[in-house]
Engineer: 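Please see the structure below; I have some questions.
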Amino acid sequence: MKYISTRSNEKEYSFGEVFLKGLADDGGLYVPKLLKKYSSAELLKLKNLNYNELSTEIISQFSGDFISKEELSSIIKKSYSTFREKEVVKISNIGELKLLELFHGPTLAFKDVAMQFIGNLYEYYLKKNDKKINIVVATSGDTGAAAIDAIKGKANLNIFVLHPNNRISSVQRKIMTTVEESNVFNIAIDGNFDDCQNIVKQMFSDLVFSKSINMSGVNSINWARIIAQAVYYFYSYFKLGKETISFSVPTGNFGDVFAGYLAKKMGLPIDKLIVATNENDILHRAISKGDYVSKEVKETLSPSMDIQLASNFERLIYYVNNSDSEKTAEIMKKVKQNSYQIEKNNLDIIQKDFLSESCNEQETLDIIKKNYEENNIILDPHTAVGVGAAKKLSFNDCVVLSTAHPCKFPDATKNAINKHEKLPNELQHVLDKKENFQVLKNNTEDVKNFVKLLILSK
Ligand SMILES: *Cc1c(COP(=O)(O)O)cnc(C)c1O
């Protein structure tokens with residue numbers, strides 16, 4: 001399996017390069033040169049696989065000769081043995097809708113599904129190659145926790161996580177900052193998530209710096225994450241056994257919902273993908289009327305979706321433009337100038353696969369309240385946005401991706417129903433353990449110096 005960049009198809013990359021580097025040198029995102037498309041007869045053969053077998057089947061379509069199928073299978077087994085559900089994910093009912101519960105991993109959000117796999121993939125790579133890697137990642141709360149859990153204690157790996165100081169929930173923070181392993185470093189930046197992400201981008205693009213520390217990234221543009229997430233779309237389809245299926249996906253960086261689009265491109269009979277946003281609604285404006293212009297980021301009850309420019313949207317732009325990398329590069333220039341309006345013909349193409357809606361803060365609280373009263377289910381605020389979007393579009397027969405455990409956002413649920421769900425037993429200890437993190441100014445040089453010093457002192 002060969003990969004190219006969304007912005008230039010001249011150079012080819014292997015899965016290993018794609019996985020370790022995340023972003024192509026030309027600033028584009030990696031996409032496979034060719035996609036496997038399953039026929040209905042082939043899909044039928046996958047129907048009865050369990051979650052781990054299905055993961056192995058789907059992911060091996062992309063991993064090429066980086067890893068044998070046997071070794072891949074054993075990595076996947078190991079990765080998902082950390083989940084509280086044997087089948088990794090679980091489908092439940094919420095009124096007429098279905099919930100796809102993706103939060104049964106060690107840090108209570110869907111990001112564990114991809115990250116546990118990635119952590120073990122790094123370990124596999126480093127065992128074969130005599131290298132040391134430093135992972136640097138920005139987080140709006142959940143990515144960092146999932147990455148830390150996946151990397152902690154692994155040999156030849158350090159992880160540095162930048163979160164926006166005081167802008168994530170205290171449970172989110174504690175899950176990250178109470179980890180004791182000596183290869184984990186938490187940094188709180190005086191700024192917002194975009195500031196954190198900018199610092200990481202600048203660290204990457206300083207090639208002298210990033211090469212000197214062998215820097216690697218695990219943010220949501222990483223292709224290995226996308227393919228691990230595509231698996232649960234297949235799994236839901238087989239589990240529900242209907243002819244077609246639609247999903248409502250609480251969306252921030254367009255990673256999770258892009259995984260659904262990928263599944264559709266691989267032949268899974270998905271009807272519609274609903275892009276559900278909070279008040280940071282650029283993707284809703286883009287998909288409903290072509291307006292892809294970002295505004296100031298607002299802090300909301302669903303902080304993991306408080307994002308303006310959604311990095312993975314570039315992959316959709318690439319596919320909608322018939323895999324034309326020159327065109328994609330041109331469009332990305334417009335995006336950079338914050339002046340991109342999606343062309344009418346492209347918008348028509350996008351709307352064949354996608355619908356969108358946005359829920360404001362009050363609506364999010366109302367949905368949490370209504371579902372608690374009617375169905376006795378506590379939704380986390382991100383999932384509530386997904387449920388709200390499906391309802392607003394009168395899509396009753398659809399699967400809502402439930403992206404976080406409600407106990408991770410106690411303030412939101414307290415606000416809505418004056419109640420909050422308890423942490424699962426395995427996580428109770430984070431509540432009173434000592435926290436460890438360094439607060440730094442919103443300044444890239446300061447962060448670089450801090451990271452360098454820590455690496456040298458190890
Ligand atoms: C990250 C996250 C999202 C958004 O996922 P994207 O892939 O960035 O669109 C939604 N809900 C929760 C709980 C998350 O952690």
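Keep in mind that what you see is a predicted model, and the values were worked out from it rather than measured.
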Engineer: Anything under 30° is parallel, anything over 60° is perpendicular, the rest tilted; go ahead and classify Tyr80 against Phe83.
Structural biologist: perpendicular
Engineer: Using only heavy-atom distances, determine whether the side chains of Asn280 and Asp306 contain a donor-acceptor pair under 3.5 Å.
Structural biologist: yes
Engineer: Examine distances only and state if a side-chain atom of Glu361 and a backbone atom of Thr300 form a donor-acceptor pair shorter than 3.5 Å.
Structural biologist: no
Engineer: For the pair Lys334 and Glu330, find out whether any cationic side-chain nitrogen is under 4.0 Å from an anionic carboxylate oxygen.
Structural biologist: no
Engineer: Is the closest side-chain donor-acceptor distance between Asn186 and Thr177 under 3.5 Å?
Structural biologist: no
Engineer: Does any donor atom in the side chain of Thr143 or Asn219 lie under 3.5 Å from an acceptor atom in the other side chain?
Structural biologist: no
Engineer: Would you say Glu87 and Tyr235 are linked by a side-chain donor-acceptor pair, where the criterion is simply a distance under 3.5 Å?
Structural biologist: yes
Engineer: Between Lys211, Lys448, Lys201, which is the residue that forms a side chain to side chain donor-acceptor pair (under 3.5 Å) with Asp206?
Structural biologist: Lys448
Engineer: Would you give the length of the straight line joining atom CG of Asn134 to atom OG of Ser216, rounded to the nearest 0.5 angstrom?
Structural biologist: 9.5 Å
Engineer: Check the orientation of Tyr125 and Phe66. Use parallel for under 30°, tilted for 30 to 60°, and perpendicular for over 60°.
Structural biologist: parallel
Engineer: Output, in order, the C-alpha distance, side-chain angles, deciding distance and verdict of salt bridge (charged side-chain N to carboxylate O under 4.0 Å, His left out) for Arg7 and Glu314.
Structural biologist: CA-CA 9 Å; Arg7 298 190 196 177; Glu314 178 166 349; 2.8 Å; yes
Engineer: Say whether, by atom type as modelled, one donor and one acceptor occur between the side chain of Asn371 and the main chain of Leu379 under 3.5 angstrom.
Structural biologist: no
Engineer: Check the side chains of Arg225 and Asn222 for a donor-acceptor pair under 3.5 angstrom, ignoring hydrogens and angles.
Structural biologist: no
Engineer: Assess whether ring pair (Phe, Tyr, Trp, His ring centres under 6.0 Å) is satisfied between Phe185 and Phe160, documenting all intermediate values.
Structural biologist: CA-CA 5 Å; Phe185 304 96; Phe160 298 86; 4.8 Å; yes
Engineer: Are Phe354 and Phe254, when compared by the centres of their aromatic rings, separated by less than 6.0 Å?
Structural biologist: yes
Engineer: Could you tell me if Lys36 sits above the aromatic ring of Tyr38, with its cationic atom closer than 6.0 Å to the ring centre and no more than 45 degrees from the axis?
Structural biologist: yes
Engineer: Only pairs at least two apart or in different chains count here, so list each side-chain hydrogen bond (donor to acceptor under 3.5 Å, both in side chains) that has a residue in residues 91-119.
Structural biologist: Thr82-Gln116, Ser92-Glu101, Asn93-Lys98, Glu101-His104, Thr107-Asp112, Gln116-Asp149
